[in-house]
Amino acid sequence: MSVSCGVECVLILGFSRWMWKRCTYVGSDDSASWSNATPEEFEPIPRVCRLILAVYESDLHNPQFQPSGGYRLNPDWVVKRVTYEQTLGHAPPYIIYLDHDHREIVLAIRGLNLIKESDYKLLLDNRLGRQMFDGGYVHHGLLKSAIWLLNEEGETLKRLWVENGSDYTMVFAGHSLGSGVAALLAVIVVNHRHRLGGVPRSKVRCYAVAPARCMSLNLAVKYADVIHSAILQDDFLPRTATPLEDIFKSVFCLPCLLFLVCLRDTFIPEGRKLRDPRRLYAPGRMYHIVERKFCRCGRFPPEVRTAIPVEGRFEHIVLSCNATSDHGIIWIEREAEKALQMLRESSSSETITTPPKVQKLERLKTIEKEHKDALQKALSLNIPHAAVRGEDEPPQDEAEPSQGDNEDALKTKSQSSGGTTNWDQVVEKLFKKNESGDLVVQSDVEVEALTPALAPS
């Protein structure tokens, strides 16, 4: 009897301790050790948030849902606006905007529409470890959507790039579901830059707002110089490793599901998470907007922290009443604009009295060093497929073909002689079919055979 009472006491104490740690864990804990962002590097994020919001408008000359301060764009610079009727369910609606003020060609994609069946089909078109790409795993449905977008708009983007002196920055931006499509768009374009007129890697940018977990950790770190993710405080989507399709198929309400996911992840060791190559993560460099503190009521002036985390990359669910509201693009745009104004005020007050703490050139060198350090750390943790990118790494389809590939290369060249690029063919160059008929990266076929032995996340 005394033994059973002792076991019960231990279980109660253990559960109480777990509950205390989980309930006192706040979103700001994820980025407590990160450095503060500078106004220059954070400046594009509020702007792309407004561009994503502009996708929701049917007529930008007469906007109905504009944020505080307006969209601050020129409606005449909108090159193309595509609706659900035109995408036929292959991708969320988007706009192509030629921003002459900032010298950018922007493709902005809206987030999930809860009443559109086609958006759910994109989410459900996946299976754990189904799609390998560029030495890692990605979400299958989102990759297909990205390829479709490039087939539709690749020639338009190439034309805009060439017509504007081959000097504008190519920007892909998206929110929620759209962020996953935008991130994979950027990854494909970076690997096949000459297909868009030879745009250099330094001129390709992706801004993933409230990002979905769409790629494995090695890819998230590898492309941190291209992809930038913006997360508001307690947002649930970048934190839950539960596949998107499982979230929306669940019979539980979202808060209940998040609690169960939080309980499950407590018992998964950090090393096991890192060793599972199929586990998907939010992509790229992180910008965390923090505006609330533990046991403090109300919102505080937001601050922006940034890093390229490897371990602890938003792995913990925050049990907060704001976990879902912080996912809204309207709130993110509002708080990001506040944070940018505060960064500018802080920077201007420094330069009036004293030199700025971080010079621009020094900050650029710091960003490059952070990326290299993150790649090295990924290697040291034995993350599957992790590799250090060379400074002048050529696009994968520009590599010199072997003799056995010459025939395929000639076929592809002849098939695309009409002047348009078939992006399905371009992407398929990286793959070959396995026994089940799925396309896999050629060097990863043996690795894929080993992955079923790993326990699912």
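Computed from a predicted model, the values in this text were never measured in an experiment.
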Would you say Ile329 and Leu53 make side-chain contact, with heavy atoms under 4.5 Å?
yes
Donor-acceptor check, side chain of Arg81 to backbone of Glu57, threshold 3.5 angstrom: yes or no?
yes
If we ignore hydrogens and angles and just use 3.5 Å, is the side chain of Lys222 paired with the main-chain N or O of Leu375 as donor and acceptor?
no
Any donor-acceptor pair under 3.5 Å from Asp326 side chain to Gln233 backbone
no
Whether Asn218 side chain and Gly135 backbone form a donor-acceptor pair below 3.5 Å:
yes
Where do Tyr223 and Asn191 land on the side chain to side chain donor-acceptor pair (under 3.5 Å) test, with the steps shown first?
CA-CA 11 Å; Tyr223 293 99; Asn191 282 281; 2.8 Å; yes
Do any N or O atoms from the side chain of Arg334 and from the backbone of Ile330 form a donor-acceptor pair under 3.5 angstrom?
no
Exercise: do Gln341 and Glu337 side chains pair donor with acceptor under 3.5 Å
yes
Give the intermediate values and the outcome of side chain to side chain contact (heavy atoms under 4.5 Å, CB included) for residues Val55 and Ile109.
CA-CA 7 Å; Val55 183; Ile109 311 169; over 6 Å; no
Return yes if a side-chain donor-acceptor contact under 3.5 Å exists between Thr306 and Arg285, otherwise no.
yes
Test side chain to side chain contact (heavy atoms under 4.5 Å, CB included) on Leu160 and Leu98; report intermediate values, then the result.
CA-CA 8 Å; Leu160 292 173; Leu98 189 58; 4.3 Å; yes
Where the side chain of Tyr120 meets the backbone of Leu112, is there a donor-acceptor pair that is under 3.5 Å apart?
no
I'd like to know if the side chain of Arg201 and the backbone of Val226 have a donor-acceptor N/O pair within less than 3.5 Å.
no
Mind checking what makes side-chain hydrogen bond (donor to acceptor under 3.5 Å, both in side chains) contact with Tyr56, not counting sequence neighbours?
none
Derivation and outcome, salt bridge (Lys or Arg N to Asp or Glu O under 4.0 Å), residues Arg110 and Asp119:
CA-CA 11 Å; Arg110 66 158 286 168; Asp119 283 3; 5.3 Å; no
Ring pair (Phe, Tyr, Trp, His ring centres under 6.0 Å) with Phe314: which residues, sequence neighbours excluded?
Trp34, His288
State which residues pass ring pair (Phe, Tyr, Trp, His ring centres under 6.0 Å) with His327; sequence neighbours excluded, sorted by chain then number.
His175, Phe236
State which residues pass ring pair (Phe, Tyr, Trp, His ring centres under 6.0 Å) with Phe172; sequence neighbours excluded, sorted by chain then number.
none
Does Arg50 offer a backbone N or O that forms a donor-acceptor pair with the side chain of Glu333 under 3.5 Å?
no
Between the main-chain N or O of Pro211 and the side-chain N or O of Ser229, is there a donor-acceptor pair closer than 3.5 Å?
no
One should read off an interatomic distance between Ser179 OG and Leu237 CG, to the nearest 0.5 angstrom, of 7.0 Å
Sorted by chain and number, sequence neighbours left out, side-chain hydrogen bond (donor to acceptor under 3.5 Å, both in side chains) with Asn36 holds for none
Check the pair Arg305, Glu303 against salt bridge (Lys or Arg N to Asp or Glu O under 4.0 Å), reporting the backbone distance first and the verdict last.
CA-CA 7 Å; Arg305 305 167 183 172; Glu303 62 179 18; 2.7 Å; yes
With distance as the sole test, does His139 use its side chain to make a donor-acceptor pair with the main-chain N or O of Leu142 at under 3.5 Å?
yes
For residues 66-118, the ring pair (Phe, Tyr, Trp, His ring centres under 6.0 Å) pairs (sequence neighbours left out) are Trp77-His100, His90-Trp148, His100-Tyr168
Straight-line distance of Ile147 CD1 to Leu185 CG, nearest 0.5 Å:
9.5 Å
